[in-house]
Visitor: 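I have a structure here, written as structure tokens, and I will follow up with some questions on it.
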Amino acid sequence: MQIRNVGLVSHQGAGKTSLAESMLFETGTTDRLGSVDNGSTVSDFDPVEVERKMSISLSLLPQRWKETKLNIIDTPGYVDFIGEVKSSLRVIEGAVVVVCAASGVEVGTERVWADVEEAGLPRMVFVNKMDRDNADFYSTLETIQSTLSTRCLPLLLPVGSQADFAGVVDLVEMKAYLGPDMTEAAIPGDLQERCEAAREQLIEAAVEVDDDLISKYLDGGEITNDELRGAIRRSTIAGQLMPVLVGSALRRVGIRQLLDAICSWLPSPDEGGALLAQDATTGEPVTLKPDPGSPFSALVFKTTADPYVGKISCFRVYSGAVSSNSQVWNSSKKSLERFGQLFTLLGKTQQSVSELGAGDIGAVARLESTATGDTVCTRDGPVVLDGIEFPRPNFGLSIQPNTKADLDKMSTVLPRVCEEDPSIQVRREPDTNEFIVSGMGDSHLDILKERMRRKFGVEVRLAAPKIPYKETVAVKTKAEHKHKKQSGGHGQYGHVIMEVEPLPRAGGFEFGEKIFGGAIPRNYIPSVEKGVVEAKQEGVVAGYPVIDIRVTLVDGSFHAVDSSDIAFKIAASQALKKGLTQGQPLLLEPIMDVTITVPDSYTGDITSDLSTKRGRVLGMVPEGGSNVIQAQVPYAEVLGYAIDLRSITQGRGTFTMEFSHYEEVPAHVTQKIVNEGKKEDKE
Ligand code: GDP
């Protein structure tokens, strides 16, 4: 049987999930039409998705249309869930870009268009919501052509618009399909001319794929419908044509045409371009054959954690076939895995299958070591497929359990939810002792929190991460402390004199001694060092660790009976505090290297925003229509930069950020940090 693996992508809310629902109904996969608005779709089954009326993860929606199996993947439109889009684009051969007929091309449309382009996928555009107020097919088409590609040409034209939207005209067949049942009809008279012109334009573009057809066309020969179909198919697969369809997911208009178009114009798995992999042993490139007789290889592109069923791994078979209850080799991890019962997923519904062959998509539960992006294959002649490139998360918050019980559960649940979404990362920040969870934006992390609660019963709080400030001194000083206690029997005596001096940035900490003539016996010196090391954990400005100093023990005295390790340790820590206080103590803050890529027109807004964030622009490099801005900005100012950048550029900008170095905090900012620290202490 023929297979088409197709992703639905769009700006949030263009109607992908509704469209998927109509397709499932039209193909007879479901006998009830679900709706996003009352939370009854097959695709958005997660309680969090139902509640928010938005897709959070990709859903697999296999269905059969005529002689073809369609593996439709509904993807989330909201930018925080781009990781799911990347996974989907990795395993499909074609994409349907859904555009709302009233809103036209939106920022998210441009973004997914670029992603589809980068993935090199053939695509079609579906102009949805033609029944809506303000729907305007022709102005939408114009922006599609001007902002996405001039290769986008209609294969269907709408009959009527908004409340009067009645059906579509097929420009290949030159027939209209009208009414709730899409009954075949003649093209309405007032549309005839327009349809002829659009068909002509389509022919002109499609024949370009074939020299013989071009000559025939230019010589005034009649292009038959069969020739036109062949040319549309080849030029769509070659990326030279992007067919534009039109309809309404809610009114189920144009759905059959969309299903037909997917089968007719988009490539099958063996037409999707060469399948490249690497030989797992030699690293040499190998080309895989997408036929069931060749050795098995598949890519795991999605992992879900289900508290009841356990882990579910979705995979796409590239070559050969795999059956239930078999052993496979995970060539990414170099480990054996047992595949139990195989199944396909329709939303959340599992349907057992005995075998999955090349080009198909399915799932298996409870794999041991396999993660998203891994290749599974036969053990003889193993191969490794390219993994999935996930965006690097750059919005971090500290995650804290609500209760002691949540703390225990958090440590087991966090790795599982991270396994579900590789665009979320967790790390422990040693300086502040916090767990930092990073994602693409605030909604991303908010939903992570909600998932942890709903799925695993773990309650957590998210908060801005603490800044790992440090302290140091500006000038060299000499400090002295004598720790002396006479209380009845054994007294305490330790006396040290030390120099405390600044080191250059990133100088760390050094301890030395220049004791002459046994002023302090050698066996007490390690205690002096210990006292200094302990005391430098809390600086005198705001209690942050002290760095970039050298401490040299230069003199002191002892008492034959009363001196002890502990007495010297206390004396040393007190002396250090004095030294720090006298040495013009400073607060240091982490400075980040930030690289921002934005369309040229936003450069001014970005640089002026950076200057309000105490940032320094180091350079700018034009790259295509974009500008790559290099800057250094204090970490404290860019904790929420993922969100700021999104709002400045309407989501058109991207950035990466890395720790660079520590720098002195300006005096007026220091005062604020000190005051805030005091406030926190009181709380
Ligand atoms: P997605 O975010 O792209 O998956 O979009 P949804 O399918 O969740 O739809 C977003 C909203 O648009 C929902 O309120 C739908 O009811 C509505 N919608 C979807 N398709 C149509 C359509 O063809 N016509 C109208 N009028 N509304 C639609």
Side-chain angles (χ1 to χ4, degrees), residues 6-26 30 32-61 72-82 84-85 88-89 95-113 115-116 123-137 140 156 158-168 179-180 182 244-259 347 443-444 447 651:
V6 174
L8 303 179
V9 295
S10 82
H11 183 89
Q12 161 81 6
K16 296 173 298 296
T17 302
S18 310
L19 194 58
E21 201 62 29
S22 293
M23 291 163 88
L24 287 169
F25 187 74
E26 203 64 55
T30 53
R32 189 184 55 87
L33 191 67
S35 123
V36 173
D37 304 294
N38 60 28
S40 58
T41 63
V42 176
S43 177
D44 287 354
F45 55 83
D46 187 295
V48 184
E49 293 183 315
V50 172
E51 188 179 289
R52 301 211 172 197
K53 293 195 171 61
M54 70 196 256
S55 313
I56 294 165
S57 22
L58 65 87
S59 336
L60 297 173
L61 306 164
I72 303 294
I73 304 184
D74 182 20
T75 66
Y78 193 62
V79 56
D80 280 17
F81 307 106
I82 176 80
E84 296 285 310
V85 178
S88 309
L89 295 180
V96 174
V97 180
V98 183
V99 177
C100 168
S103 317
V105 172
E106 295 166 87
V107 169
T109 325
E110 288 179 48
R111 200 186 55 243
V112 293
W113 187 267
D115 289 336
V116 172
R123 71 210 82 153
M124 303 196 292
V125 178
F126 187 85
V127 177
N128 187 36
K129 304 198 193 179
M130 269 310 294
D131 60 295
R132 242 190 76 169
D133 286 351
N134 302 323
D136 184 338
F137 177 75
T140 300
L156 298 177
V159 178
S161 190
Q162 303 180 16
D164 299 327
F165 179 54
V168 296
M182 295 261 85
V244 177
L245 310 175
V246 59
S248 158
L250 281 199
R251 296 241 202 124
R252 293 194 3 252
V253 177
I255 308 303
R256 271 180 230 172
Q257 282 72 17
L258 170 63
L259 291 162
S443 298
H444 199 190
I447 280 168

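Worth knowing before you read on, the calculation uses all heavy atoms, side chains too, and leaves out hydrogens, waters and symmetry mates. For ligands, and for the atoms within them, numbers begin at 1 and follow the listed sequence. Quantities reported herein were computed from a predicted structural model and do not represent experimental measurements.
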Visitor: Please test K129 against S103 for side-chain contact (heavy atoms from CB on, under 4.5 Å), starting from the C-alpha separation and ending with a verdict.
Guide: CA-CA 10 Å; K129 304 198 193 179; S103 317; over 6 Å; no
Visitor: Using a 4.0 Å cutoff against the non-hydrogen atoms of S18, which atoms of ligand 1 qualify?
Guide: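 Numbered from 1, ligand 1 contributes 6 (P), 7 (O), 9 (O), 15 (C), 19 (C), 20 (N).
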Visitor: Determine, step by step, whether Q257 and L245 satisfy the side-chain contact (heavy atoms from CB on, under 4.5 Å) criterion, reporting the C-alpha distance in whole Å, the side-chain angles of both residues, the deciding distance to 0.1 Å, and the verdict.
Guide: CA-CA 8 Å; Q257 282 72 17; L245 310 175; 5.7 Å; no
Visitor: With K16 as reference, evaluate V36, I73, V98 under the side-chain contact (heavy atoms from CB on, under 4.5 Å) test and give the passing residue.
Guide: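 Result: among V36, I73, V98, V98 is the only option passing the side-chain contact (heavy atoms from CB on, under 4.5 Å) with K16.
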Visitor: So which heavy atom in the protein is nearest atom 28 (C) of ligand 1, and how far is it from that ligand atom?
Guide: L250 CG, 3.5 Å
Visitor: A side-chain contact here means heavy atoms from C-beta on lying under 4.5 Å apart; do V244 and V127 qualify?
Guide: yes
Visitor: Check this for me - ligand 1, N128, N or O atoms closer than 3.5 angstrom, yes or no?
Guide: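 Such a contact does occur with ligand 1.
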Visitor: Using a 4.5 Å cut-off on heavy atoms from C-beta on, say whether the side chain of R52 contacts that of I447.
Guide: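 Yes, side chains in contact.
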Visitor: Is there any N or O on G13 that sits under 3.5 Å from an N or O of ligand 1?
Guide: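 The answer is yes, given that G13 and ligand 1 share an N or O pair closer than 3.5 Å.
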Visitor: What part of T17, side chain, backbone, both or neither, has a heavy atom within less than 4.0 angstrom of ligand 1?
Guide: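 Both the backbone and the side chain of T17 come within reach of ligand 1.
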Visitor: Name the closest protein heavy atom to atom 12 (O) of ligand 1, giving the residue it belongs to and the distance to 0.1 Å.
Guide: K129 NZ, 3.0 Å
Visitor: Strictly under 4.0 Å, does any heavy atom of G77 approach an atom of ligand 1?
Guide: no
Visitor: D131 side chain to F165 main-chain N or O, any donor-acceptor pair under 3.5 Å?
Guide: no
Visitor: Can an N or O of V36 be found at a distance shorter than 3.5 Å from an N or O of ligand 1?
Guide: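 No - when backbone and side-chain N and O of V36 are compared with those of ligand 1, no distance drops under 3.5 Å.
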Visitor: For D74 and S59, which I'm curious about, is there any donor-acceptor pair between the side chains at under 3.5 Å?
Guide: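 Absent: no donor and acceptor within the cut-off.
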Visitor: If you measure every N/O of M130 against every N/O of ligand 1, is any gap under 3.5 Å?
Guide: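 Min N/O separation from ligand 1 is not below 3.5 Å for M130.
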Visitor: Backbone, side chain, both or neither: what part of S35 comes under 4.0 angstrom of ligand 1, heavy atoms only?
Guide: neither
Visitor: Could you tell me which non-hydrogen atom of I72 sits nearest to which non-hydrogen atom of M23, and how far apart they are?
Guide: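 Heavy atoms of I72 and M23 come nearest at CD1-CE, 3.7 Å.
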Visitor: Mind checking whether D131 contacts ligand 1 via backbone (N, CA, C, O), side chain (CB onward), both or neither, at a 4.0 Å heavy-atom cut-off?
Guide: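 Within the 4.0 Å criterion, D131 contacts ligand 1 through side-chain atoms alone.
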Visitor: Do any nitrogen or oxygen atoms of Q12 come within less than 3.5 Å of a nitrogen or oxygen of ligand 1?
Guide: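 Between Q12 and ligand 1, no N or O pair is found under 3.5 Å apart.
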Visitor: For atom 23 (O) of ligand 1, what is the closest protein heavy atom, and at what distance to 0.1 Å?
Guide: A249 N, 2.9 Å
Visitor: What atoms in ligand 1 come closer than 4.0 Å to a heavy atom of S10?
Guide: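 It comes down to these atoms of ligand 1: 3 (O).
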Visitor: Test your reading of the model: is there a side-chain donor-acceptor pair from E21 to the backbone of L33, 3.5 Å cut-off?
Guide: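 Looks like no, no N/O pair under 3.5 Å.
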Visitor: Heavy-atom pairs closer than 4.0 Å: do any link ligand 1 to the side chain of D37, the backbone, both, or neither?
Guide: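 Only the side chain of D37 comes within reach of ligand 1.
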Visitor: Can you find a pair of side-chain heavy atoms, one from W113 and one from R123, that are under 4.5 Å apart?
Guide: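 The answer is yes, as the side chains (C-beta and beyond) meet within the 4.5 Å cut-off.
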Visitor: Just distances here: any N/O of R251 and N/O of ligand 1 closer than 3.5 Å?
Guide: no
